[in-house]
Enquirer: 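Questions regarding the structure given below will be posed in turn.
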Amino acid sequence: MNTATLTVQHLLMLDDFPVHEVVGGATAVQSKVSSVVVGTSARNVAHHSAGSLVVFGRGSLALEDPLADLAIRLGRSSLVAGIVAERPAGQIPLATLKLADKFNVPLIVMDKVDPEALVAKLDLIVRTPEIVSARAVERLVQRLQASVSSSEALLGALGDAVDTPVALINAEGKVLDGNSATLAGAPLEDLASVCVRTRPVAGSLRCADGEDIFLQPALLGWDGPAELWFAARVTPAAMTRRRMIEQSMVIAALAFSARFSRNALVTEKNYRERGLLLTEILDQATAPRRSTIERAAALGWRLSGWHMGVHISISKSQRDHAAVAVVPELEQLLRQHSINSSLFEKPDGWVFWVSKELEPQSNDTLGLTNTVRRILLEAQRNNPRLKFNAGIGRPYLGTAGIQRSLIEARQACMLAQTSESPTAVEHVDAMNVTRLMTGWYNSEPVRETARQLLAPLYDADPTGELVRTLRCYLDHESSATTTSIVLNVHRNTVMQRLAKIRTALPLDLDRPDERLAAHLATRGTEVEWDKSLENE
C-alpha cells in the first residue's frame, strides 16, 4: 500500500484548493507531496526539495515567458511535485505545455494566485497529518489496551480513531461486523483477488464513486492466506489522513490477531473440538456465523478459495486402536508432501481439504490423487495389517464448497473400499466411468476374450499370481515399486514376475494400445485377489 501522506491529486480535490486547471503534466498528478512552498524565481526551482509543490505569483513567474520552460526543466531535475502559477492574459505557449507533459511536471493554473496565503493553508495540511496521526494512533492504542474483549469493541475503537466507515470482512467480501456500507459499490472481483492471496498484504481498491477501500489482513498464522480483513472506506477528502488510517488499521489488526492467537492456543489443545468445529462449519456451510469463521481462522483453517475434499478410511473398523494410532503418522506424511492440513475424525473415517487461490485444473486434481495415493501406500507399507482407502471430491468455491466436496469424497471413498487392493484411491469423477466399465466387464463376450488373451499366463501360473501382478502393475501406472508395496513383496520379485509375463503374453506392454488391451483383460477376467495382506 502507498504510505505517502498526500499526492498532487489529493490536494487538488480538497475544498481548500481554489478553482484551477491542470494544463500540462496531468499524468503525473499522483506525485507525492512533501511540502508546499512559495516560488521566488524560475532559477530557484532547482533549490527546492523533492516532493515540493511550488506556488508562483504573477510577479515571480509568467507562463508566457521563456523562463517558464526553465522552471519546468529545473523542476524535473529536482523532482518537484508540481508547479502552480497564475493564468496569463493570453495563450500559454504550446511548447511550454508539451514540455510539462514530456517531463511529467504537473502545471496547474489559476485565475488569481496569492502564494503566501495558499502555501500557509496547504503546507499545514501536508505537514500536520504526521502530528494528527501520532495523536490518533496514541488514543487508539490506549483504548485497545483498556478493552479488546470482542471484535465489536475493537471496530468501535478503530472507527472512532479514523472517523470513517470500518468493517471486519471475510476473504469472500462479506461484512461480518461493523458498518455494512463499508463495501458498498466495491469491485468484488478485485476484492477477491486481494483477499485470497497466499501471502496477504495490505491493499486498496477504487470504487465507482471515486472513494477508496483500504484493506488490512488480520494474520492469524505464520503463513497462508488471511481469512479475515479489516476494511475502511475513505473519501477523497479523507486522503489527507491516509497515513493515520493505515497505521490505525495495522494496530487494530495486530490487536485482533493477538486476541485470537491466544484463543488458538487453547483450541488446539482439544483434538475433539476440531471435529466439532468442522461439523459446525459444514452445518453452516452456506452462511457461517462470524464466531465460526473466527475460530476456524484462529486455527489457520482456510475457508476461502477453491477446495478439494479428501475422505480416508483405515482398516475395517474405525474403532480399531491400530487405525486410530496411525492418524498422527498420516498427518506427518501429509506435511512431508506439502499438504499442511489436519485430519478431522468422522464416524466413518478421517477428512481434510486442500485449498487453492484459483480454480484447480485437471492436472491439479490428478496431482492430488497421486499424492494421496503415495501417502497411503507409504502408510500401508509401515502398517501392513491395515487397509487404506481414500476418495477425492471435485473442487468447489467457498465454505459451501468444502461441504460439497467432502460429500463427494465420501462417496468416492466408498467406491475405493470395494477395491481388492489394500490401498485404493478414487476420484468422484471415476464413479460413473466405473459403473459403465463394471457393466462392460460383466459382459460374457468380454470375459471370454479376456480369458483367451490371458490364457498363456494361466498356463504358466495356474495360481493366478502372474495375472494379479500384471493387473496391479497396470493399475498403478506401470510402477514396479508401487506394485511391490501394494503386493507386499520385494521389488525384485515383481521384476521377475514381469519378465515371465512379457515372455508368456502375446502382447508388447510398451505399446499403448496393447498395454490397454492387457489392462482391460485383467479387469475382465475372474481371479482371486490375494487376501493374505489383510489377515497377517
Side-chain angles (χ1 to χ4, degrees), residues 271-279 281-282 299-302 306-356 360 364-396 401-431 434 475-476 482 485-486 488 533-534:
Y271 181 85
R272 291 289 180 181
E273 186 172 341
R274 293 192 304 180
L276 294 174
L277 180 55
L278 176 62
T279 300
I281 291 171
L282 299 182
L299 288 173
W301 299 1
R302 182 169 182 177
W306 292 84
H307 311 285
M308 290 183 285
V310 180
H311 189 111
I312 298 175
S313 68
I314 307 173
S315 193
K316 294 180 179 179
S317 170
Q318 295 306 318
R319 298 185 182 277
D320 188 321
H321 174 73
V324 175
V326 81
V327 173
E329 179 183 343
L330 280 175
E331 289 185 327
Q332 179 64 28
L333 290 172
L334 287 172
R335 289 190 290 271
Q336 290 177 3
H337 287 79
S338 301
I339 298 179
N340 297 315
S341 300
S342 298
L343 287 171
F344 305 96
E345 187 174 6
K346 302 290 285 182
D348 55 351
W350 283 266
V351 301
F352 69 93
W353 65 89
V354 174
S355 304
K356 300 283 186 180
D364 295 316
T365 301
L366 179 61
L368 177 61
T369 302
N370 291 335
T371 298
V372 171
R373 181 178 289 112
R374 286 194 295 270
I375 290 171
L376 296 190
L377 283 171
E378 188 169 347
Q380 203 281 326
R381 181 175 57 186
N382 297 334
N383 303 271
R385 297 177 182 274
L386 300 178
K387 179 177 181 180
F388 295 79
N389 300 115
I392 299 174
R394 300 182 186 91
Y396 294 105
I402 297 175
Q403 180 190 50
R404 189 173 179 184
S405 190
L406 286 177
I407 290 174
E408 291 185 349
R410 181 177 180 272
Q411 295 170 348
C413 186
M414 293 174 64
L415 174 63
Q417 288 173 319
T418 65
S419 170
E420 296 173 326
S421 170
T423 305
V425 179
E426 294 286 357
H427 190 276
V428 69
D429 284 339
M431 296 183 68
T434 300
D475 279 352
H476 294 88
T482 303
I485 295 173
V486 172
N488 198 25
L533 294 180
E534 297 180 31

Enquirer: For the atom pair CD1 (Ile375) and CD (Glu378), what is the distance rounded to the nearest 0.5 Å?
Expert: 8.5 Å

Enquirer: Atom OH in Tyr396, atom CE in Met308: separation rounded to 0.5 Å?
Expert: 12.0 Å

Enquirer: His427 versus Arg394: any side-chain heavy-atom pair under 4.5 Å?
Expert: yes

Enquirer: Rounded to the nearest 0.5 Å, how far apart are CG of Asn389 and CD1 of Ile312?
Expert: 10.0 Å

Enquirer: Just jot down the side-chain contact (heavy atoms from CB on, under 4.5 Å) partners of Ile407, sequence neighbours excluded, or say none.
Expert: Gln403, Gln411

Enquirer: Can you see which heavy atom on Ala416 is nearest to which on Ala390, and at what distance?
Expert: CB-O, 3.5 Å

Enquirer: Check Gln380 against Ile485 and note the closest heavy-atom contact, atom names and distance.
Expert: OE1-O, 3.9 Å

Enquirer: Which distance, rounded to the nearest 0.5 Å, do you find between the CZ of Arg373 and the OG1 of Thr482?
Expert: 8.5 Å

Enquirer: Taking the side chain as C-beta and beyond, is there a heavy-atom pair between Pro395 and Lys356 under 4.5 Å?
Expert: no

Enquirer: Please list, chain by chain and in numerical order, all residues satisfying side-chain hydrogen bond (donor to acceptor under 3.5 Å, both in side chains) with Thr369, sequence neighbours excluded.
Expert: none

Enquirer: Among all residues two or more places apart in sequence or in another chain, which pass the salt bridge (charged side-chain N to carboxylate O under 4.0 Å, His left out) test with Arg404?
Expert: none

Enquirer: Looking only at the aromatic ring of each residue, does the gap between the centers of Phe344 and Trp353 stay below 6.0 angstrom?
Expert: yes

Enquirer: How long is the gap from CZ on Phe388 to CZ on Arg381, to the nearest 0.5 Å?
Expert: 12.0 Å

Enquirer: Can you sort out the partners of Ser341 under side-chain hydrogen bond (donor to acceptor under 3.5 Å, both in side chains), two or more places apart, ordered by chain and number?
Expert: none

Enquirer: For residues Leu343 and Glu331, report the shortest heavy-atom separation together with the two atoms involved.
Expert: N-OE2, 3.0 Å

Enquirer: Minimum heavy-atom separation for Ser313 to Gln417, with atom names?
Expert: OG-NE2, 3.0 Å

Enquirer: Which one of Val354, Leu333, Val310 satisfies the side chain to side chain contact (heavy atoms under 4.5 Å, CB included) criterion with Ile339?
Expert: Val354

Enquirer: Do you know the tightest heavy-atom contact between Arg302 and Ser355?
Expert: CD-CB, 3.5 Å

Enquirer: Got a second to check how far His337's NE2 is from Thr371's OG1, nearest 0.5 Å?
Expert: 6.5 Å

Enquirer: Go through the structure and list residues passing side-chain hydrogen bond (donor to acceptor under 3.5 Å, both in side chains) with Thr365, not counting sequence neighbours.
Expert: none

Enquirer: Using the test side-chain hydrogen bond (donor to acceptor under 3.5 Å, both in side chains), find all partners of Arg335 that sit at least two apart in sequence or belong to another chain.
Expert: Gln332

Enquirer: Looking at Lys346 and Thr279, what are the two nearest heavy atoms and their distance?
Expert: NZ-OG1, 4.4 Å

Enquirer: Side chains of Leu376 and Leu330, heavy atoms from C-beta outward: is any pair under 4.5 Å?
Expert: yes

